[in-house]
**Student:** 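Below is a structure I'd like to ask you about.
Heavy atoms only: backbone and side chains are in, while hydrogens, waters and symmetry mates are out.
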Amino acid sequence: MQIIEDGVLKLFRLFGLFSLLLVFLSFSLKAESFADFKRTQIGSFEEFKDKRDQEFNKYLQEQWREYEAYTTPKFFEKPKPKNIESLQETPSKEIGPRVDISLPTIEKKREEKKEEKVIHKDVEFNFFGTLVGFNIDQKIKNVRFYPKNQNGIISFFGVMASSDYEQLIDSVQKIAAEMQLNDWGVFQLVTAISKHIYVKPDEEQLFKWFILTKLSYDVKIGLVQNHIVLLENSKQTIFATPRYKIEDTYYYAIDYQNSKSSLGRLYTYDKKYPEAVKKLDFTMPKTPNLVQSLLKKKLTFSNQAGRYDVDVSINKNLIDFMNTYPQVDYDVYFNAAFDSSVYNDVITGLRKYINGKKALYSLNFILHFVQKSFKYQRDDEQFGKDKVMFAEETLYYDSSDCEDRAILFGKLVKKIFDYGVVGVKYKDHMTTALSVPLNGDMVTVGTRKYVIADPTYINANIGLNMPKYRNIQPESFIKLK
């Protein structure tokens, strides 16, 4: 018995020594690991490349303040009509000058080339049909958000500021110029890069914050329950989105648009990074130059005189890009560039039916084309959320609602005839009105009278508003430029 006890005791002592050795080794490895981490995180940015970074890094160490989120309202106060009204068809009168439509010059589009398949960069990915690649400094790859608090943010910024980030900035700017990307396109490009470098969302957000700041955008980051929230200063209102008022400026948490849970309080800093003053501008003065991935579609409608077909080819890559847009001011959609090849298809299809006809007949023909070529469906039923479509998206999807049709019709009239056009917004509906010398239901914008042309009111000719809205003052007007 004693022998057994002694044997167990000896074994226990050996096991204890072995465990103690493991503990020491573990401490040693952890100490080494933490030392490596410290060297990676803070050992390399004692000398900043940009003097602004040293000043800003010191500022980040000061006391942050708490801010409360306020969510911007939705587009419409009331739900849009579930079903649309229709009229008995009335032939259009032949009034006005004869129409002579010339076809536009088509911009040259990017074609997918075999040599684009070979890039050989640290990070490569398909960006809306175009293969892009970037070389990433090892410091940028290795940087981590640790600890998960203000000190971790300061540390992350320090490593980024001491890295070779300039080459990455130059590459982003070069690709953005080649692809004709607007601010939102640049934002999407930086977002895509972040997702191909990091696994954790917090590190993605911190990377975007640093790169966008270096691109002169006015962005901030904040902390909510030890997680990073990216905030953007926007030129336009971003609807149904949490925003924070910091030093008389609204910053939006775009990633939380239409979020069912409240973002709540957030801790952040007041001061802006020096010279980072650009507001995110969602306007699209040029259509992004994306590789073509064409979808052919036949749009069809009928009236008493017969059936009409309009064939269009739409770039799916462009639709995918437009689908990333948050809900912003209507002015963005009404005045966005119209893809030249898509417009050429539409105008070629319409031209064969209206060229040589009188102006009123032609306007009503285009109005009926928009009224009847698509099924009516509200956003919540089609997408599960509010979504405003660009003109190309309305042509792409089988269904649309009032605002989408108003945007498409307004753009067609403006481009074909160059008449004055306004979007007319009610609490639960949107239509258009034209500055043409016709009688009918009118709205007054400033000192000018505009006659209603409703692309949702089936079979209605120009001058007829839905009865529900005839005696209601519109909420606002959007002028097409």
Side-chain angles (χ1 to χ4, degrees), residues 72-78 80-81 85 92-93 95-97 99 182 234-239 250 279 281-285 327-338 343 358-367 370-371 386 388-391 394 401-457 460-481:
T72 50
K74 293 184 177 182
F75 274 127
F76 287 92
E77 284 186 28
K78 299 179 179 179
K80 283 171 273 188
E85 298 182 50
S92 176
K93 295 178 181 179
I95 298 175
V99 171
N182 63 353
S234 171
K235 193 171 182 179
Q236 291 82 22
T237 300
I238 306 175
F239 293 89
Y250 283 113
K279 296 181 179 183
D281 187 354
F282 288 90
T283 59
M284 198 187 299
Q327 304 160 41
V328 293
D329 293 338
Y330 279 112
D331 179 76
V332 168
Y333 304 91
F334 274 101
N335 289 299
F338 202 161
Y343 173 68
K358 295 290 185 74
L360 180 58
Y361 175 89
S362 300
L363 285 168
N364 276 321
F365 187 92
I366 296 171
L367 182 62
V370 178
Q371 289 171 353
D386 284 337
V388 182
M389 294 194 212
F390 290 94
T394 301
D401 64 12
C402 57
E403 61 202 359
D404 310 317
R405 296 164 186 233
I407 290 163
L408 174 60
F409 175 71
K411 291 184 75 66
L412 288 173
V413 170
K414 188 66 180 175
K415 284 186 73 68
I416 297 169
F417 301 98
D418 198 27
Y419 293 153
V421 183
V422 291
V424 182
K425 183 181 180 296
Y426 297 96
K427 288 184 178 181
D428 60 350
H429 180 57
M430 177 168 277
T431 181
T432 56
L434 312 179
S435 180
V436 290
L438 292 170
N439 294 323
D441 295 323
M442 299 275 191
V443 291
T444 303
V445 185
T447 59
R448 288 181 78 176
K449 296 277 189 183
Y450 289 78
V451 63
I452 290 289
D454 193 333
T456 307
Y457 193 11
N461 289 329
I462 293 172
L464 286 174
N465 204 355
M466 290 185 190
K468 177 181 177 181
Y469 302 104
R470 281 178 188 157
N471 298 314
I472 297 176
Q473 178 63 28
E475 276 192 340
S476 60
F477 301 100
I478 304 95
K479 188 173 182 180
L480 273 75
K481 298 168 186 174

**Student:** For Asp386, give me all partners under side chain to side chain contact (heavy atoms under 4.5 Å, CB included), at least two apart in sequence or on another chain.
**Tutor:** Lys74, Gln327, Asp379
**Student:** Please name all residues satisfying side chain to side chain donor-acceptor pair (under 3.5 Å) with Lys449, sequence neighbours left out, ordered by chain then number.
**Tutor:** Thr444
**Student:** Which residue pairs pass the ring-ring contact (aromatic ring centres under 6.0 Å, His included) test with at least one member in residues 431-456, sequence neighbours excluded?
**Tutor:** none
**Student:** Can you run down the salt bridge (Lys or Arg N to Asp or Glu O under 4.0 Å) pairs that involve residues 413-423, sequence neighbours left out, and say none if there aren't any?
**Tutor:** Lys414-Asp418
**Student:** Please enumerate all residues that pass side chain to side chain contact (heavy atoms under 4.5 Å, CB included) together with Ala337, with sequence neighbours excluded.
**Tutor:** Thr287
**Student:** Going by the rule side chain to side chain donor-acceptor pair (under 3.5 Å), which residues pair with Gln236 if we only count those two or more places apart in sequence or in a different chain?
**Tutor:** Asp281
**Student:** Holding to ring pair (Phe, Tyr, Trp, His ring centres under 6.0 Å), I want the full list of residues that pass it with Phe282, two or more places apart in sequence or in another chain.
**Tutor:** Trp184, Tyr325
**Student:** Under the salt bridge (Lys or Arg N to Asp or Glu O under 4.0 Å) rule, what pairs show up with a residue in residues 462-473, not counting sequence neighbours?
**Tutor:** Asp428-Lys468, Asp441-Arg470
**Student:** To the nearest 0.5 Å, what is the distance between CG (Leu434) and OG1 (Thr432)?
**Tutor:** 5.5 Å
**Student:** Just jot down the ring pair (Phe, Tyr, Trp, His ring centres under 6.0 Å) partners of Tyr419, sequence neighbours excluded, or say none.
**Tutor:** Phe417
**Student:** Quick one: salt bridge (charged side-chain N to carboxylate O under 4.0 Å, His left out) partners of Glu475, sequence neighbours excluded?
**Tutor:** Lys425
**Student:** Partners of Pro437 by side chain to side chain contact (heavy atoms under 4.5 Å, CB included), sequence neighbours excluded?
**Tutor:** none
**Student:** Going by the rule side chain to side chain contact (heavy atoms under 4.5 Å, CB included), which residues pair with Asp331 if we only count those two or more places apart in sequence or in a different chain?
**Tutor:** Asn335, Ile478, Lys481
